[in-house]
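Some notes on the structure that comes next.
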Amino acid sequence: MTKSQIIAAVAEKADITKVQAKDALEGLAELAYEGAADGFTIPGLGKLVKVDRAARMGRNPATGETIQIAAKTVLKFRIAKAAKDAVL
């Protein structure tokens, strides 16, 4: 679905205007960005978590050369059990 289709569907389900639905979705996104460092949960959908990846060895697929991949912090989304059960 596109962003406008999601906004229209949320507006229809919640019986609000599309402008209000857009503001609500954008507000949720802003809250997620601010709270992602501590873990942001969207009930029934999942959780944003910050994960530290260790340094590791990798391989350049073009040359086959072994390279060192630096440690870094990444953002992951863990799907809630209820969402998994509903989809799978």
Side-chain angles (χ1 to χ4, degrees):
M1 293 178 78
T2 65
K3 182 178 177 180
S4 60
Q5 290 172 329
I6 292 170
I7 289 170
V10 169
E12 185 177 325
K13 286 218 181 238
D15 197 28
I16 57 177
T17 67
K18 288 182 182 179
V19 173
Q20 291 171 323
K22 180 182 176 215
D23 290 341
L25 289 175
E26 288 176 353
L28 180 64
E30 287 178 22
L31 285 173
Y33 299 156
E34 293 168 6
D38 301 323
F40 182 80
T41 302
I42 302 170
L45 194 57
K47 182 176 186 176
L48 278 174
V49 290
K50 191 168 81 169
V51 178
D52 293 323
R53 281 195 187 161
R56 64 191 193 279
M57 296 302 290
R59 186 173 304 274
N60 181 337
T63 64
E65 176 187 2
T66 302
I67 58 172
Q68 176 69 28
I69 300 173
K72 63 181 174 180
T73 302
V74 296
L75 191 62
K76 291 188 175 186
F77 189 77
R78 295 201 178 133
I79 304 295
K81 184 176 182 333
K84 284 182 194 176
D85 293 343
V87 174
L88 303 176

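Excluded from the calculations below are hydrogen atoms, water molecules and symmetry mates; all remaining heavy atoms, backbone and side chain alike, are included. The shown structure was predicted, so the numbers you read here are calculated from the model rather than taken from an experiment.
- Linking ILVMFWY residues whenever their side-chain heavy atoms come closer than 4.5 Å, directly or via other members, leaves Leu28 and Val10 in distinct clusters.
- Residues Gly44 and Ala83 share a closest heavy-atom pair of O-CB, 3.8 Å.
- Taking each heavy atom of Lys47 and Gly39 in turn, the nearest pair found is CE-CA, 4.1 Å.
- In this structure, CG on Asp23 lies 8.0 Å from OG1 on Thr17, to the nearest 0.5 angstrom.
- Residues forming a salt bridge (charged side-chain N to carboxylate O under 4.0 Å, His left out) with Asp85 (at least two apart in sequence, or on another chain): Lys81.
- The nearest pair of heavy atoms linking Arg53 to Val74 is NE-CG2, 3.8 Å.
- One distance of note links CD1 of Ile79 with CG of Leu45; it measures 6.0 Å at 0.5 Å rounding.
- Atom CZ of Phe77 has more than 12 neighbouring heavy atoms from other residues, nucleotides or ligands inside a 6.0 Å radius.
- Side chain of Arg59 to main chain of Gly64: a donor-acceptor pair is present (N/O by atom type, distance under 3.5 Å, no hydrogens or angles).
- How far CG of Leu75 is from NZ of Lys50: 9.5 Å, rounded to the nearest 0.5 Å.
- Separation of atoms CG (Leu25) and CD (Gln20) is listed at 12.0 Å; rounding is to 0.5 Å.
- Distance check: Leu48 CG to Arg78 CZ gives 10.5 Å after rounding to the nearest 0.5 Å.
- Remark: Glu26 engages Lys3, Lys22 in a salt bridge (charged side-chain N to carboxylate O under 4.0 Å, His left out) (not counting sequence neighbours).
- Remark: Lys72 NZ to Arg56 CZ distance equals 6.5 Å, nearest 0.5 Å.
- In terms of heavy atoms, Ile6 sits closest to Met1 at CG1-CB, 3.8 Å.
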